[in-house]
**Q** 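Got a structure for you, questions after.
Values in this document were obtained by computation on a predicted structure and should not be read as measured data. Chain identifiers are assigned alphabetically (A, B, ...) following the order of the sequence lines, protein sequences preceding nucleic acid strands; residue numbering begins at 1 within each chain.
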There are 2 protein chains.
Amino acid sequence: MKREMVERPYKEVVDVLKRCGLRPTRQRMALAKLLRDAGDCHLTAEELHARAADAGHRISLATIYNALHQFTEAGLVREIVVDSGCSYFDTNVSDHHHFFFEDRRELKDIDHGDVVISAVPEPPEGATVERVDVVIRVRSS
Amino acid sequence: MKREMVERPYKEVVDVLKRCGLRPTRQRMALAKLLRDAGDCHLTAEELHARAADAGHRISLATIYNALHQFTEAGLVREIVVDSGCSYFDTNVSDHHHFFFEDRRELKDIDHGDVVISAVPEPPEGATVERVDVVIRVRSS
DNA sequence: TCAATAGTTTAGAATAATTCTAAACCACTT
DNA sequence: AAGTGGTTTAGAATTATTCTAAACTATTGA
């Protein structure tokens, strides 16, 4: 049996990592795969750490943070700040917005088309718009 | 000279505090006055602490945090989360949005009318919209 | 294939913002 | 003036995150 056949499940994430200029290390491959297989969701560093542990990967928290920041930089995930206290990382990097359930401290995607922003101001002189974030804060009533 | 004339400068904040059901203590009066006199701005707890110190008030950080949360609850200020790491408190409680300068970690108001959101989704069953936050993240280019 | 090198991971310490604790304090009523 | 219950405080505790320096490993070139 050819080597490649065994390694195939990781082939795709290896390519993604390489394309991003990140060395495909054991830990980065595991994390990239976990994130890819997680579907659209919003994870904290601790949650990803737990999922990695569940999947049998003992990866230090510092590495989780490093990887999440590198993945954010590379556009593989997106960091969302809605809760002073901790960052969420969104595996859905397409253009969209969020509900934030303040009591549960949980995020839920809003499809791009469901929020229509028909006017935004010019950014001040010398500033470039990175992103327009819309967060609808809700509480259970 | 009547007593009231001397106390007058604090009369207004005392009334505000009472109306909010907050006992007008020395520290709360000082902070409420500082915030009111600060004009529209975005302060962290540490910054308010420093301003209080500058004004000659030695108030513990724990008290600053307590007061800011009570003031937020009472609608005297508004808490803004744009930066995992620290909260900003906005003395402008009218409906408006923000630019966030990611490199300087600073906020700037956007007038309510300058952002037009023409469609927002229904909140999920059992949830009530608290607020719709629009944050335009910019960096100096 | 091997060694050198440069990037990576790690545990644990360090930091930063915030919250907690329990004792001292003080505003308000009577 | 005294009692009561909310408030303030210093300092310890907590939480999320970053730093550090040593051990490790992917990659490159001989």
Side-chain angles (χ1 to χ4, degrees), chain A residues 3 7 10-11 13-32 34 42-50 52-53 56-74 77 79-89 102 105 107, chain B residues 3 7 10-11 13-32 34 42-50 52-53 56-74 77 79-89 102 105 107:
Chain A
R3 222 154 196 261
E7 287 177 354
Y10 280 97
K11 175 97 171 48
V13 296
V14 169
D15 288 349
V16 171
L17 290 172
K18 279 187 176 162
R19 221 175 296 125
C20 299
L22 294 170
R23 213 181 260 194
T25 62
R26 206 176 340 94
Q27 335 9 23
R28 289 210 271 239
M29 287 190 289
L31 296 174
L34 277 173
H42 311 95
L43 297 169
T44 63
E46 292 282 0
E47 282 162 2
L48 181 57
H49 188 238
H57 300 105
R58 188 152 43 274
I59 301 178
S60 105
L61 247 187
T63 301
I64 304 273
Y65 277 104
N66 287 341
L68 282 173
H69 289 144
Q70 292 152 351
F71 292 178
T72 300
E73 192 67 22
V77 299
E79 184 174 1
I80 303 185
V81 181
V82 277
D83 190 357
S84 111
C86 77
S87 281
Y88 295 85
F89 294 87
E102 301 200 299
R105 302 179 68 180
L107 285 158
Chain B
R3 223 155 195 262
E7 286 177 355
Y10 279 98
K11 176 98 170 49
V13 293
V14 169
D15 289 348
V16 172
L17 290 172
K18 280 185 177 163
R19 219 174 297 127
C20 298
L22 293 170
R23 209 179 263 192
T25 62
R26 205 174 345 92
Q27 330 17 17
R28 289 211 271 237
M29 288 191 288
L31 296 175
L34 276 173
H42 312 94
L43 296 170
T44 62
E46 291 282 359
E47 281 162 2
L48 181 57
H49 188 239
H57 300 104
R58 187 151 43 275
I59 301 178
S60 106
L61 247 187
T63 301
I64 305 272
Y65 277 104
N66 287 340
L68 282 172
H69 290 142
Q70 293 151 352
F71 293 178
T72 300
E73 193 68 23
V77 299
E79 184 173 0
I80 303 183
V81 181
V82 278
D83 190 357
S84 111
C86 78
S87 281
Y88 294 85
F89 293 87
E102 302 201 296
R105 304 179 67 181
L107 285 159

**Q** Taking 4.0 Å as the cut-off, does a side-chain nitrogen or oxygen of A/T63 come that near to OP1 or OP2 on C/dT10?
**A** yes
**Q** For B/L31 versus B/A67, what's the shortest heavy-atom pair and its separation?
**A** CD1-CB, 3.7 Å
**Q** Does A/H49 reach the main-chain N or O of A/S60 with its side chain, forming a donor-acceptor pair under 3.5 Å?
**A** no
**Q** What N/O pairs connect the protein and nucleotides 17-24 of chain C at under 3.5 Å? Give each pair on its own line.
**A**
{"from": "C/dA17", "atom 1": "O3'", "to": "B/G85", "atom 2": "O", "distance (Å)": "3.2"}
{"from": "C/dT18", "atom 1": "OP1", "to": "B/S87", "atom 2": "N", "distance (Å)": "2.8"}
{"from": "C/dT18", "atom 1": "OP2", "to": "B/Y65", "atom 2": "OH", "distance (Å)": "2.3"}
{"from": "C/dT18", "atom 1": "O5'", "to": "B/Y65", "atom 2": "OH", "distance (Å)": "3.2"}

**Q** Salt-bridged, A/D15 to A/R19, with N to O below 4.0 Å?
**A** no
**Q** Would you tabulate the pairs of protein nitrogen or oxygen atoms and nucleotide nitrogen or oxygen atoms of nucleotides 26-30 of chain D closer than 3.5 angstrom?
**A**
{"from": "D/dA26", "atom 1": "N3", "to": "A/R23", "atom 2": "NH1", "distance (Å)": "3.4"}

**Q** So does B/R28 get a side-chain nitrogen or oxygen closer than 4.0 Å to the phosphate oxygens (OP1/OP2) of C/dA27?
**A** no
**Q** Looking only at heavy atoms, which two atoms of B/L17 and B/A32 are closest? And how far apart?
**A** CD2-CB, 4.4 Å
**Q** Using side-chain heavy atoms (C-beta onward) and a distance below 4.5 Å, is B/L48 in contact with B/Y65?
**A** no
**Q** Mind checking the OH-OG spacing from B/Y88 to A/S84? Nearest 0.5 Å is all I need.
**A** 11.0 Å
**Q** Given atom CZ of A/R58 and atom C1' of C/dA11, what is their separation to the nearest angstrom?
**A** 13 Å
**Q** If I take atom CD1 in residue A/I64 and atom C1' in nucleotide C/dA11, what distance separates them, rounded to the nearest angstrom?
**A** 14 Å
**Q** Is the shortest heavy-atom distance from the side chain of A/H69 to the side chain of A/F89 under 4.5 Å?
**A** yes
**Q** Separation of B/M29 atom CE from D/dG6 atom C1', in whole Å?
**A** 15 Å
**Q** Using whole Å, report how far CG of A/N66 lies from P of D/dT17.
**A** 13 Å
**Q** Return the value, rounded to whole Å, for the distance between atom NE2 of B/H57 and atom C1' of D/dT9.
**A** 17 Å
**Q** Can you measure B/I59 atom CD1 to D/dT9 atom P for me and round it to whole angstrom units?
**A** 7 Å
**Q** Is any side-chain heavy atom of B/R23 less than 4.5 Å from a side-chain heavy atom of B/R28?
**A** yes
**Q** Quick one: B/H49 NE2 to D/dT9 C1', roughly how many Å, whole number?
**A** 11 Å
**Q** Side-chain contact test, heavy atoms from C-beta onward, threshold under 4.5 Å: evaluate it for A/L61 versus A/E46 and give yes or no.
**A** yes
